[in-house]
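To find a chain, count down the sequence lines: A is the first, B the second, and so on, and within it residues start at 1. Computed from heavy atoms alone, side chains included, the values below leave out hydrogens, waters and symmetry copies.
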Amino acid sequence: MHAIEKDVHWLGFEWSGLYHASDYFEQLYDYAVELIKKGLAYVDDLSAEQIREYRGTLKQPGKNSPHRDRSVEENLDLFRRMRDGEFADGARVLRAKIDMAAPNINMRDPALYRIKRTHHHRTGDDWVIYPMYDFTHCISDAIEHITHSLCTLEFEDHRPLYDWVLDNITAPSHPRQIEFARLQLKYTVTSKRKLHQLGAAKHVDSWDDPRMPTISGLRRRGYTPESIRDFCDRIGVTKKDSFIEMAVLENSIREDLNEHALRVMGVLKPLKVTIENYPGNQVEEMEAQNHPQHPEMGTRKVPFSKTLYIERDDFMEDAPKKFFRLSVGREVRLRYAYYITCTDVIKDDNGDVIELICSYDPETKGGSSPDGRKVKGTIHWVSAKHAIDAQVNLYDRLFTHPNPGGTDNFLGHLNPDSLQVLTHCKLEPSLADADPDKHYQFERTAYFVLDNHTDAAHPVFNRTVTLRDTWAKIDKQNR
RNA sequence: UGGGCCGUCGCCAAGCGGUAAGGCACCAGGUUUUGAUCCUGGCAUUCGGAGGUUCGAAUCCUCCCGGCCCAGCCA
């Protein structure tokens, strides 16, 4: 309950009052008595299984309970004694007397009250009988003078009952129930029951696991309240049962983060680079912009030295012409630093590249050359001896099936690679005191946020969403 | 003939009798010290289908097809 309040607050909403149906238990009881007195409700002694049998099927009408025609006096007495705890749990229920042959099953004398000795978080042990949803909700809405009671599609069949109850008691008002489709996303599940199962079976860490499409999960993943509200504005509200593509959600957060995230450099999969002609002890402070489109967001200094780390993906031995990054003999720009040319490659015994030897052009400090020559690629880097070590969590869709919830075994469609943990990522030193409330763009890779369960000594960054990657698309097409 | 609801571009979604908005995605260009961002252009002769009414239909009528929900003393 408090978690919900917290989520709603975080999303940016306030409420004028907090109401609980349990505040109306006494009134609800009185309305039930009113129905009994009108001959519109009765106490039934049938067991749950018997009631099910008597209910009939979707295509066949039900039949009346043998207790359906008890006198008002007897019903009043029995209901009173239900409340007083004279009967065992499940022994009797109060039912509305409507129509056992109704085509809408919800109208076949639905249960209004059942006996259930359970501790209530607000009313404690005051009650042993509790009202059913269909009886409680409409009356609570009426008491609160709600004008429109919004709910999801599966309650469409309940609306006749909602109206029946209010039509047959002296209701303080008669709200209108309107049903809408629930928000569903592809490649994930949104039902509370299924989300709970994911946690219970340890497929995710918790309710706020960054892979969960919960408010707390999205928050920990790095989504902002603004982006979620924008997403909701875009998708609209209708009665059509639909599934939204993740791309829409991702677009909303990218749009927000592109505008507000601080740009930094972080190397996820480091490859060592030695600048052979750079003085061994020299360190230069390069000036970098915090946001190229917003100079007012300032600049920062990033240390540069002889030994650096660059992204493994930014080097390719047999690079195609369209590959604008580093390869032996090719020149690239190190963002905010120098142009470098790869001169040699060092491999380990397995033949894997473990280090690059490069030379830099001292005339290109800051990233531009006096002779105006062009370099196609600009890559990010971090100085080896200044870098901080961090863990980075890369998240992907939770399921491999577009509608896992619609299959007979949704857990069978889990994406085994929904979380990829990267350790010893090398980040620029300014990130040593990263702000947990700020969002960062590791330039050229993705948006990240400090995990809110992290501790300062061992920073963990969660990937919110990747940047659009045209190269990945081209690369994929070429294979 | 159980009942209820829904069908407009790949995914969402306006439209409510006057001749198909918009977003996402996608495609093609341009700018760019992020292959990001940004900018420009393209993307439904057609609204699940077939008839009908009308000068005119996605919008009204009829029939058909497809999808979702309901047999908790859960919500």
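Between U37(B) and R468(A), a contact under 4.0 Å exists linking OP1 or OP2 to a side-chain N or O. Here K240(A) reaches the OP1 or OP2 of U8(B): one of its side-chain N or O atoms lies under 4.0 Å away. OP1 or OP2 of A13(B) has not a single side-chain nitrogen or oxygen of R234(A) nearer than 4.0 Å.
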For the pair F155(A) and Y162(A), evaluate ring pair (Phe, Tyr, Trp, His ring centres under 6.0 Å) and give the outcome as yes or no after the intermediate values.
CA-CA 10 Å; F155(A) 291 96; Y162(A) 186 102; 10.0 Å; no
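Taking atom P in both G4(B) and U62(B), the straight-line distance is 15 Å, to the nearest Å. Going from the C1' atom of C12(B) to that of A44(B) covers 15 Å, rounded to whole Å. If you take atom P in A20(B) and the same atom in U59(B), they sit 14 Å apart, rounded to whole Å. A distance of about 7 Å separates the C1' atoms of U53(B) and C61(B), rounded to the whole Å. Comparing G7(B) with C60(B), their P atoms sit 12 Å apart, to the nearest whole Å. For the C1' atoms, the distance linking G22(B) with U8(B) amounts to 13 Å, nearest Å. A gap of 29 Å separates the P atoms of G30(B) and G10(B), to the nearest Å. Atom P of G48(B) sits at a distance of 26 Å from the matching atom of G42(B), rounded to the whole Å.
Within 4.0 Å of R52(A), counting heavy atoms only, lie sugar-phosphate atoms of the nucleic acid but no base atom. Within the 4.0 angstrom heavy-atom criterion, base atoms lie near D157(A). When heavy atoms are screened at a 4.0 angstrom cut-off, K116(A) is found touching the sugar-phosphate backbone but no base atom. Note on T136(A): nothing from the nucleic acid sits closer than 4.0 angstrom, heavy atoms only. Counting non-hydrogen atoms under 4.0 angstrom, L58(A) reaches a base of the nucleic acid. Within 4.0 Å (heavy atoms only), A247(A) reaches sugar-phosphate atoms of the nucleic acid but no base atom. Among the heavy atoms of the strands lying under 4.0 Å from F323(A) is at least one base atom, whether or not backbone atoms are also near. Using a 4.0 Å heavy-atom cutoff across all strands shown, R95(A) reaches no nucleic acid atom at all. Contacts of L334(A) with the nucleic acid, taken as non-hydrogen atoms under 4.0 Å apart, are absent. Counting any heavy atom pair closer than 4.0 Å across all strands shown, S242(A) reaches sugar-phosphate atoms only and no base atom. Contact annotation for H158(A): base contact, defined as any heavy-atom pair under 4.0 Å involving a base atom. Heavy atoms of Q441(A) sit under 4.0 angstrom from at least one base atom. Within 4.0 Å of K473(A), counting heavy atoms only, lie sugar-phosphate atoms of the nucleic acid but no base atom. Here P160(A) lies out of heavy-atom contact (under 4.0 Å) with every strand.
Judged by distance alone, with hydrogens and angles left aside, the side-chain atoms of R330(A) form a donor-acceptor pair with the main-chain N or O of F323(A) at under 3.5 Å. Panel note: side chain H439(A), backbone G222(A); a donor-acceptor pair is recorded below 3.5 Å. Looking at Y130(A), its side chain does come within 3.5 Å of a backbone N or O of T118(A) through a donor-acceptor pair. No donor-acceptor pair under 3.5 Å is formed between the side chain of E86(A) and the backbone N or O of R81(A). In this structure a side-chain-to-backbone donor-acceptor pair under 3.5 Å is present from W381(A) to R335(A).
Ring-centre distance between H120(A) and F25(A): below the 6.0 Å cut-off. You'll find the ring centres of Y133(A) and H137(A) inside the 6.0 Å limit.
Taking the side chain as every heavy atom from C-beta outward, P175(A) and L166(A) approach each other to under 4.5 Å.
A salt bridge does not link D233(A) with R229(A): every distance from a Lys NZ or Arg NE/NH1/NH2 to an Asp or Glu carboxylate oxygen is 4.0 Å or more. Between E331(A) and R373(A) there is a salt bridge, since a side-chain N of the basic residue sits under 4.0 Å from a carboxylate O of the acidic one.
Listed nucleotides C73(B), G35(B), A75(B) differ in distance to F155(A); the shortest reach to its side chain belongs to A75(B). Side chain of R55(A), nearest nucleotide from C70(B), G72(B), C27(B): G72(B). Of the candidates A36(B), C24(B), C27(B), the closest approach to any side-chain atom of T470(A) belongs to A36(B). The side chain of T378(A) approaches G35(B) more closely than any other nucleotide in the set G35(B), C6(B), C27(B). Comparing C24(B), U34(B), A75(B) against the side chain of R114(A) picks out A75(B) as the nearest. In the set C73(B), C12(B), A71(B), the nucleotide with an atom closest to the side chain of I51(A) is C73(B). Here the nucleotide nearest the side chain of K186(A), chosen from C6(B), G35(B), C11(B), is C11(B). For D241(A), the listed nucleotide lying nearest its side chain is C68(B); candidates were C69(B), G35(B), C68(B).
At whole-Å resolution of the value, CG in N106(A) and P in G2(B) are 19 Å apart. Atom CG of L150(A) and atom P of A75(B) are 20 Å apart (whole Å). The NZ-C1' distance, from K239(A) to C12(B), rounds to 18 Å in whole Å. With rounding to whole Å, I474(A) atom CD1 is found 7 Å from G35(B) atom C1'. Straight-line distance from the CZ atom of R159(A) to the C1' atom of C69(B): 13 Å, rounded to whole Å.
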Counting only pairs under 3.5 Å, give me each side-chain donor-acceptor contact of residues 49-63 of chain A, with atom names and distances, residues two or more places apart or in other chains.
unit_1 : atom_1 : unit_2 : atom_2 : d
Q50(A) : NE2    : S47(A) : OG     : 3.2
T57(A) : OG1    : K59(A) : N      : 3.3
T57(A) : OG1    : Q60(A) : N      : 3.0

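If V237(A) and A337(A) are placed on RNA chain B by their nearest nucleotide, the residue sitting closer to the 5' end is V237(A). Between N104(A) and L46(A), the residue whose closest nucleotide on RNA chain B is further toward the 5' end is N104(A).
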Just the atom pairs and distances: protein N or O near nucleotides 39-43 of chain B's N or O, under 3.5 Å.
none

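Of all the residues in residues 118-134 of chain A, M132(A), Y133(A) reach under 4.0 Å from RNA chain B with at least one non-hydrogen atom.
The partner of C73(B) is absent, by the rule that a Watson-Crick or G-U pair needs both atom distances under 3.5 Å. Figure legend. A13(B) is base-paired to no nucleotide; pairs are counted as Watson-Crick or G-U wobble with both atom distances under 3.5 Å. Pairing for G66(B) is with C6(B), a Watson-Crick or G-U wobble pair whose two hydrogen-bonding atom distances lie under 3.5 Å. Remark: C26(B) base-pairs with G42(B); criterion is Watson-Crick or G-U wobble with both hydrogen-bond distances under 3.5 Å.
Classified by interplanar angle (parallel below 30°, tilted 30° to 60°, perpendicular above 60°), the ring pair Y338(A)/Y360(A) is perpendicular.
A donor and an acceptor atom sit less than 3.5 Å apart, one in the side chain of E245(A) and one in the base of G10(B).
Atom CD of Q420(A) is separated from atom CG of D396(A) by 9.0 Å, given to the nearest 0.5 angstrom.
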